[in-house]
Amino acid sequence: DFQRRLSYRLAWSVAVFLEKGADKVRFRPFADLKRDYFRSLLRDQDMRRATAAAFRNEDTIKLFKREWKKFWLNR
C-alpha cells in the first residue's frame, strides 16, 4: 500500500544519507549514530528506544533533519 511504500523510501533515504552524506557534516555529529542504534536495538529489542539512544537529544534530531534535507535537495 501507499503508506508502506512511503515508509520504505523514507527509510532508504535515511540509510543512504548515513552512508554517503552524514560523514561530510562538519564535526561529524552523526559518527556514532549507527553504532549506538544497533547496540541499543540488540540490547533492548525495541526500535523506538534504539532511536532515542542513537539521537540522544532534540538538538541532534533537529540537526539530522536539517542535514538530511540539505543532502537530498542538493543531489
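Both backbone and side-chain heavy atoms feed into the values below; hydrogens, waters and symmetry mates do not.
Of all heavy-atom pairs between A50 and S40, the closest is CA-OG, 3.3 Å. Of all non-hydrogen atoms in P29 and L63, the two that sit nearest each other are CG-CD2, 3.6 Å.
Proximity of a side-chain donor or acceptor of T60 to a complementary backbone N or O of R56 within less than 3.5 Å is not detected. The closest donor-acceptor contact from the side chain of S13 to the backbone of L10 lies under 3.5 Å.
Considering only residues two or more places apart in sequence or on other chains, T51 meets the side chain to side chain donor-acceptor pair (under 3.5 Å) condition with none of them. For R48, the side chain to side chain contact (heavy atoms under 4.5 Å, CB included) test picks out D46, with sequence neighbours left out.
Between F17 and F64, a ring centre-to-centre spacing shorter than 6.0 Å is recorded.
Using a 4.5 Å heavy-atom cutoff, the side chains of F71 and V16 are in contact. Side-chain contact between E67 and F30 is present, with at least one heavy-atom pair separated by less than 4.5 Å.
One distance of note links CD of E58 with NZ of K62; it measures 5.0 Å at 0.5 Å rounding.
Residues V14 and Y8 share a single hydrophobic cluster, defined by chaining ILVMFWY side chains whose heavy atoms lie under 4.5 Å apart. Tracing side-chain contacts under 4.5 Å through hydrophobic residues (I, L, V, M, F, W, Y), one never reaches F38 starting from F55; they form parts of separate clusters. Each of L18 and Y37 belongs to its own hydrophobic cluster when Ile, Leu, Val, Met, Phe, Trp and Tyr are linked at side-chain heavy-atom distances under 4.5 angstrom. When the side chains of ILVMFWY residues are joined at heavy-atom separations under 4.5 Å, either directly or via intervening members, W72 and I61 end up in a single hydrophobic cluster. No continuous path of ILVMFWY side-chain contacts below 4.5 Å connects L33 to M47, so the two sit in separate hydrophobic clusters.
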Assess the residue pair K70 and L73 against the criterion (side chain to side chain contact (heavy atoms under 4.5 Å, CB included)); give the C-alpha distance rounded to whole Å, side-chain angles, the decisive distance to 0.1 Å, and a yes or no. CA-CA 5 Å; K70 189 183 339 176; L73 289 175; 5.9 Å; no
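For the pair R9 and W12, the NZ or CZ position fails the cation-pi test of under 6.0 Å to the six-membered ring centre and within 45 degrees of the ring normal.
Note on E19 versus K34: salt bridge recorded, some NZ/NE/NH1/NH2 to OD/OE distance being below 4.0 Å.
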